[in-house]
Amino acid sequence: MKQKSVAVVGAAETTNMGKIPDQSVIGLHADAALNAMRDAGLTAKDIDGVATAGESPVELAHYLGITPTWADGTSVGGCSFMLHVRHAAAAINEGLCNTVLITHAESGRSRVGARKFGRDPASQMGQFEVPYGVTSPPTMFTIPVLRYMKELGVTEEDLATVAVIQREWAAKNPRASFRDPITVDDVLNSSMIAWPFTKLMCCLVTDGGGALILTSAERARDFPQKPVYILGTGESVETPMISQMEDFTTSKAFRVSGKKAFDEAGIKHSDVDHLMIYDAFAHLPLFGLEDLGFCKRGEAAAFIRERNTAPGGKLPLNTNGGGLSYMHSGMYGMYALQESVRQMRGIAPAQVPGAKISIAHGVGGMFAASGTIIFSNEKP
């Protein structure tokens, strides 16, 4: 797509986050959507494009009273919302719609109106992995991370350091679920979930959601909030089965999506001021830093250990606290996008001074899919 031809003009999360026992999933979608519309100075009658995952875009449009001319129900896991941004930008550029609402919401903790968990026994995973005990994210992600640790010399202490630094960022965020400082020993001594993951290396389980509103850059100047322009986008998929990754120490979907976004944006790594990497588990920022090209193979753990991604570091990473300390209702990608937008607007609780370019990079499933969005706050 043409750089900076589309902008985010509305962005908001649900009114409450964390534990919300009195709202259903569709109610949380509506809450986030109405907050984003209010942020943009719009109403439902101004929206002509909708995209969502988890819920059907049909249910969403009907619930909000929207009659769209474009809809997207792409659902590839937690990075679905990155793909929605990409698809919406293309649709706006093609004149298929003018103003797109993208929503996410889950009752991950309270399970009010939430779909039941389960693996389809007829699926590839159901046939070839579930019978052997590979049934949930902690038992799936352990497969690549153990190979990564063995081949590249990464330790449990390195994984724990990721969680510790994420908590430092969360301490600056009043909306973060957990803000108290933690140490490497705290992480290592927390309950074992599935080796090498201890509890503090695993994402939160919360309720909440968020929404974005996109329109053309030409129209963006007429909205009340500072426009955040889309500079580059990428997406890819690899395999629904973690056991069938091409290489357990790197994600093909990450590499393809990231390169596409960088090529489209026409930027260098040194141009990036702020980075969000989906962190459902502590190893994901390591894979992301390497697969996106910020670190060479095997160097991400040292890069984080040397505090390059910490407050005051040269590459601020996951400044909201991430899925480990801020929020993780099941599909985290929307929260990464929200923080990138806040940073580009200059309103983030842990604002990066002078930030002009931010990347939000997501994973879908267990390295099954990936989406990458590069934002800029500089006018076209």
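All residue numbers refer to positions in the sequence shown, counting from 1.
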Search all heavy atoms of [X] against all heavy atoms of [Y] and return the closest pair with its distance.
X	Y	value
Tyr229	Ala217	CE2-CB, 3.9 Å
Ala89	Met1	CB-SD, 3.4 Å
Leu188	Glu156	CD2-O, 3.7 Å
Gly258	Thr372	N-OG1, 3.6 Å
Met17	Gly209	SD-O, 4.3 Å

4.5 Å side-chain heavy-atom contact, [X] and [Y]:
X	Y	value
Leu212	Thr103	no
Tyr278	His328	yes
Cys203	Tyr332	no
Phe294	Leu315	yes
Val50	Thr52	no
Trp195	Thr142	no
Phe367	Pro144	yes
Val112	Gln23	no

How many angstroms lie between [atom1] in [X] and [atom2] in [Y], if you round to the nearest 0.5 Å?
X	Y	atom1	atom2	value
Leu289	Leu286	CG	CG	7.0 Å
Leu42	Met37	CG	CE	8.0 Å
Leu146	Thr249	CG	OG1	13.0 Å
Cys295	Phe303	SG	CZ	4.5 Å
Asp291	Ser370	CG	OG	8.5 Å
Thr183	Asp185	OG1	CG	5.0 Å

Take a 6.0 Å sphere around [atom1] of [X] and say whether it holds more than 12 heavy atoms from other residues, nucleotides or ligands.
X	atom1	result
Phe178	CZ	no
Gln124	CD	no
Arg109	CZ	no
His62	NE2	no

[X]-[Y] co-clustered via ILVMFWY side chain contacts under 4.5 Å:
X	Y	answer
Met327	Phe281	yes
Val272	Leu292	yes
Leu60	Ile102	no
Val341	Met276	no
Ile242	Met201	yes

Side-chain donor or acceptor of [X] paired with backbone N/O of [Y] under 3.5 Å:
X	Y	result
Ser177	Tyr326	yes
Asp207	Ser110	yes
Thr233	Ile373	no
Asn318	Gln166	no
Asp279	Leu324	yes
Ser325	Gly322	no
Gln338	Ala211	yes
Thr239	Met245	no
Ser257	Gly234	yes
Asn377	Val228	no

[X]-[Y] aromatic ring centre distance below 6.0 Å:
X	Y	value
Tyr148	Phe287	yes
His87	Phe81	no
His29	Tyr63	no
His283	Phe197	yes
His104	Tyr335	yes
His361	Phe254	yes

Salt bridge (Lys or Arg N to Asp or Glu O under 4.0 Å) partners of residues 344-368, not counting sequence neighbours, each pair once: Asp39-Arg345, Lys356-Glu378
Where at least one partner belongs to residues 251-270, residue pairs that pass salt bridge (Lys or Arg N to Asp or Glu O under 4.0 Å), sequence neighbours excluded: Glu246-Lys252, Glu246-Arg255, Lys259-Asp263, Lys268-Asp271
Candidates Asn320, Asn173, Thr319 - the one meeting side-chain hydrogen bond (donor to acceptor under 3.5 Å, both in side chains) with Glu339: Thr319
Pair [X], [Y]: side-chain N/O donor-acceptor within cut-off below 3.5 Å:
X	Y	value
Asp273	Ser358	no
Thr215	Arg219	yes
Glu290	Thr250	no
Asp158	Thr161	no
Asp72	Thr74	yes
Asn93	Ser5	yes
Thr15	Asp31	yes

Arg307 vs Glu168, salt bridge (Lys or Arg N to Asp or Glu O under 4.0 Å): CA-CA, chis, key distance, verdict: CA-CA 11 Å; Arg307 297 190 61 78; Glu168 290 181 32; 2.6 Å; yes
Any residue meeting salt bridge (charged side-chain N to carboxylate O under 4.0 Å, His left out) with Arg38, in chain and number order, not counting sequence neighbours: none
Worked verdict on Glu13 versus Arg175 for salt bridge (Lys or Arg N to Asp or Glu O under 4.0 Å): CA-CA 11 Å; Glu13 291 168 332; Arg175 297 254 287 175; 3.7 Å; yes
Derivation and outcome, salt bridge (Lys or Arg N to Asp or Glu O under 4.0 Å), residues Glu299 and Lys296: CA-CA 6 Å; Glu299 294 183 357; Lys296 293 181 180 178; 5.3 Å; no
